[in-house]
Structure formats: C-alpha cells, structure tokens
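Each remark here refers to the structure printed beneath this line.
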Amino acid sequence: VQLQASGGGLVQAGGSLRLSCIASGSIFRGNHMGWYRQAPEKQREFVASIDTGDNTNYADSVKGRFTISRDNGANTVYLQMDSLKPEDTAVYYCNAFRQAADTKSVWYLGSWGRGTQVTVSS
C-alpha cells in the first residue's frame with residue numbers, strides 16, 4: 001500500500017485525535033509529507049506538512065492546535081489534533097510531495113486513497 005491513513009473517528013468539540021499514515025518506503029524516504037482534508041462539497045485543502053529536516057508548516061486554521069511529526073524508521077507521519085472544532089470535520093488524507101525550489105510548484109508522489117474520516121460534534 002502506498003499510503004494508508006488511519007485514526008479518524010467521532011469526537012466532541014474540544015477533544016483530540018491522533019491520525020497516522022504509513023507509507024511505502026519508496027514514497028516516504030527523502031520526501032516531504034503532508035496532511036490534507038476535504039469537507040463535504042469543498043475542495044481538498046492543505047492542513048500541515050513536514051520536510052525531511054523536520055521543519056513544519058501549518059494552515060492558519062489549525063496553528064496551535066495540530067502537530068505534525070514523522071517517524072522515519074517506521075515510514076509513518078502523524079497528525080496530533082487537539083482542541084478540535086466542528087469545522088475540522090472532513091476526510092483527512094496524507095501524501096508525500098516534492099516542491100520546486102524556484103517556482104515552489106508542488107507535485108504529489110502517491111495516490112490519495114480513501115483517507116480517514118474525522119467528525120467533530122458540537
């Protein structure tokens with residue numbers, strides 16, 4: 001399996017979830033990893049990313065609440081989600097990506113798969 005996300009579920013507002021994404025070594029090694037989400041009737045959006053040097057980047061909507069990390073030995077990337085809000089409800093996906101240094105263009109290396117559903121009740 002190229003990418004397999006798990007850990008989603010139903011949680012009340014203010015609660016926490018930890019998502020995991022295990023990737024095949026050929027995709028994980030040497031590449032940046034990111035989490036993305038898609039709410040019903042909305043486009044997929046960026047949530048968080050971590051590069052090979054463990055530098056992280058977050059969407060403004062999740063800064064201070066979500067934490068991305070990676071375990072290179074296990075080819076796994078995690079997303080710790082705290083203080084969850086109903087607007088965080090979405091299907092969450094992970095993927096590996098590369099970015100051009102000059103144009104900052106991004107291209108994804110894996111198929112998106114089914115993701116994992118996160119539902120936050122108010």
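As a basis for the values below, the full set of heavy atoms in this structure was taken, side chains included, without hydrogen atoms, waters or symmetry mates. We count residues from 1, following the sequence as given. Keep in mind that this is a model prediction, so the values were computed, not measured.
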Sub-3.5 Å donor-acceptor pair from the side chain of Asn55 to the main-chain atoms of Asp51, do we have one?
-> no
Taking every heavy atom of Asp82 against every heavy atom of Ser16, the minimum-distance pair comes out as OD1-OG, 2.7 Å
Do Val118 and Ile68 share a hydrophobic cluster (ILVMFWY, side-chain heavy atoms under 4.5 Å, transitive)?
-> yes
Can Asp60 and Lys63 be counted as an ion pair, charged N to O under 4.0 angstrom?
-> yes
Please say which of Thr116, Thr89, Asp88 ends up in a side-chain hydrogen bond (donor to acceptor under 3.5 Å, both in side chains) with Arg37.
-> Asp88
Specify the closest pair of heavy atoms between Thr67 and Tyr58, including all atoms of both residues, with the distance to one decimal.
-> CA-OH, 3.3 Å
Considering non-hydrogen atoms only, spot the tightest contact between Ala13 and Ser122 and give its length.
-> CB-CA, 4.4 Å
Between Trp112 and Tyr36, does the ring centroid distance fall short of 6.0 Å?
-> yes
Check Asn31 against Ser26 and note the closest heavy-atom contact, atom names and distance.
-> ND2-O, 4.1 Å
What is the minimum heavy-atom distance between His32 and Arg98, and which atoms define it?
-> CD2-CA, 4.5 Å
Please confirm whether the backbone N or O of Gly110 pairs with a side-chain atom of Asn95, one donor and one acceptor, at under 3.5 Å?
-> yes
Value rounded to 0.5 Å, distance of CG in Leu19 from OG1 in Thr76 = 12.5 Å
For Val47 and Phe66 the tightest heavy-atom approach is CG1-CD2, 3.8 Å
